[in-house]
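Sequential numbering from 1 along the given sequence is applied to the chain's residues.
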Amino acid sequence: MAVEQPLTSPAGDQTRIHDIGYRGYDGPRLGRAYARRSLYSQSLRGAYGLGRSAKSKVLPMLLFAVMCVPAAIMVAVAVATKAHELPVAYTRYAIMMQAVISLYVAAQAPQSVSRDLRFKTVPLYFSRPIETADYVRAKFASLASAIFILTAAPLLVMYVGALLSKLGFAHQTKQFAEGLVSVALLSLLFAGIGLVIAAVTPRRGFGIAAVIAVMIISYGAVSTLQAIADVQNHSGVIPWIGLFSPVTLIDGVQSAFLGATARNPGAVDPSTAQGVVYVLVVLALIAGSYGLLVRRYKKVGL
């Protein structure tokens, strides 16, 4: 209940102090785990524009459709021609569509973190039970999940279509599983690289340009160098050159261990030893991206 206490100022003016009855919160404290889950779910929804304006939904949904439509067309062709195999292997599809995936990462990584930096809301997160590592894990996991949905959905379309076409169940299931492992690694790697780049600047436009440069330009440069090595008959260095681009890193891992054929100019598959190096580099980049993000947000949250 509000209480009014009349006071008299030295000048004789009468003023009042109002007790408006603020009370503390006595409800349940859900803690860090709940805050982390909430941040993860909201960030994942935001990666596809859900809960935001209609304009925010256009690009992610368009890119999702662009990823799935070719898979549906390939299934339709396989059914119509009664083919014994799909035109494109599950492990090849994401590499073939790498430009679309890179554009998605370039658009959504800055959306995930740049606004918090620009509007200086990061310290507000850390004023609650949530800590720096919780924030980074939630953002990392949400973007990786969003990329996995983008890349796994067309594989699922291909798999269902292959089973409806009565292709070999065991063979298709094995290849589908290999494709899922490949896109899971790709999702973690692309999410880490995209978030590290986007977290450098609060300006979304700069973040988009930087992610595109790293993802697409690095792939073009590495492919060019591999083509030059192939023309000059230095095929032995082609797999090593592939270590310098995120796309060719995933291509090397799946070519070495997941039964795929390398998509480099010379179609040179990495050896087992080279494949181990590819895996170690991918894991190091994922772990390094997480560590860099934690250090970055510890500074921002001060």
Side-chain angles (χ1 to χ4, degrees), residues 39-67 94 97-126 132 135-151 186-224 244-247 249-250 285-286 288-302:
L39 183 57
Y40 166 80
S41 62
Q42 290 299 318
S43 299
L44 178 57
R45 285 166 53 84
Y48 284 95
L50 303 178
R52 301 173 60 203
S53 65
K55 183 175 68 174
S56 301
K57 297 179 177 66
V58 173
L59 182 59
M61 293 303 180
L62 178 62
L63 294 177
F64 184 83
V66 170
M67 284 292 295
M97 303 294 288
Q98 56 87 19
V100 179
I101 302 170
S102 298
L103 287 175
Y104 180 85
V105 176
Q108 299 309 317
Q111 185 278 138
S112 181
V113 296
S114 294
R115 290 188 304 167
D116 290 341
L117 295 171
R118 184 167 68 252
F119 297 116
K120 303 184 186 302
T121 57
V122 175
L124 296 179
Y125 284 109
F126 301 154
T132 305
Y135 179 88
V136 172
R137 287 191 200 111
K139 291 294 184 178
F140 201 129
S142 64
L143 184 58
S145 298
I147 299 170
F148 182 77
I149 292 170
L150 181 77
T151 52
L186 181 147
S187 300
L188 289 169
L189 179 62
F190 278 35
I193 294 174
L195 287 174
V196 166
I197 296 170
V200 172
T201 173
R203 296 184 178 276
R204 185 178 178 186
F206 290 165
I208 291 173
V211 173
I212 289 176
V214 171
M215 295 293 185
I216 296 180
I217 296 178
S218 67
Y219 176 69
V222 165
S223 297
T224 301
F244 297 97
S245 167
V247 177
L249 271 173
I250 299 300
L285 286 173
I286 294 171
S289 298
Y290 174 78
L292 287 172
L293 286 169
V294 170
R295 284 195 290 272
R296 166 65 172 157
Y297 281 98
K298 280 184 178 178
K299 293 180 180 179
V300 173
L302 295 176

Using a 3.5 Å distance criterion without hydrogens, assess whether the side chain of [X] forms a donor-acceptor pair with backbone atoms of [Y].
X      : Y      : answer
Arg118 : Pro202 : yes
Arg296 : Ala199 : yes
Thr224 : Gly220 : yes
Ser114 : Arg204 : no
Thr151 : Ile147 : yes

Give a yes or no on whether Phe206 atom CZ has more than 12 heavy-atom contacts from other residues, nucleotides or ligands under 6.0 Å away.
no
Arg203 atom CZ: more than 12 heavy-atom contacts under 6.0 Å:
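Count not over threshold, so no.
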Please find the pair of heavy atoms, one from [X] and one from [Y], that lie closest to each other, and give the distance.
X      : Y      : answer
Ala106 : Ile208 : O-CG1, 3.1 Å
Gly49  : Pro60  : N-CG, 4.3 Å
Ser218 : Ser245 : OG-OG, 3.6 Å
Val105 : Gly194 : CG1-CA, 4.1 Å

From [X] atom [atom1] to [Y] atom [atom2], the distance as rounded to the nearest 0.5 Å:
X      : Y      : atom1 : atom2 : value
Ser289 : Leu188 : OG    : CG    : 10.0 Å
Asp116 : Gln111 : CG    : CD    : 9.0 Å
Leu292 : Ile197 : CG    : CD1   : 11.0 Å
Leu44  : Gln108 : CG    : CD    : 10.5 Å

For residues Ser43 and Lys139, is any side-chain donor paired with an opposing acceptor at under 3.5 Å?
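A pair is found: one side chain offers a donor N or O, the other an acceptor, under 3.5 Å apart.
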Exercise: do Ser145 and Ser142 side chains pair donor with acceptor under 3.5 Å:
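Ser145 vs Ser142: no donor-acceptor pair found between side chains.
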Heavy-atom side-chain proximity of [X] to [Y] below 4.5 angstrom:
X      : Y      : answer
Gln98  : Leu186 : no
Met215 : Ile193 : yes
Phe190 : Val247 : yes
Ser112 : Leu195 : yes
Leu285 : Tyr290 : no
Ile286 : Phe140 : yes
Phe64  : Ile149 : yes

Ring centroids only, cut at 6.0 angstrom: are Phe244 and Tyr219 within range, meaning strictly under it?
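When the ring centroids of Phe244 and Tyr219 are compared, they turn out to be at least 6.0 Å apart.
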Run the ring pair (Phe, Tyr, Trp, His ring centres under 6.0 Å) test on Tyr104 and Tyr48 for me, step by step, so that the C-alpha distance in whole Å, both residues' side-chain angles and the decisive distance to 0.1 Å come before the verdict.
CA-CA 10 Å; Tyr104 180 85; Tyr48 284 95; 5.5 Å; yes
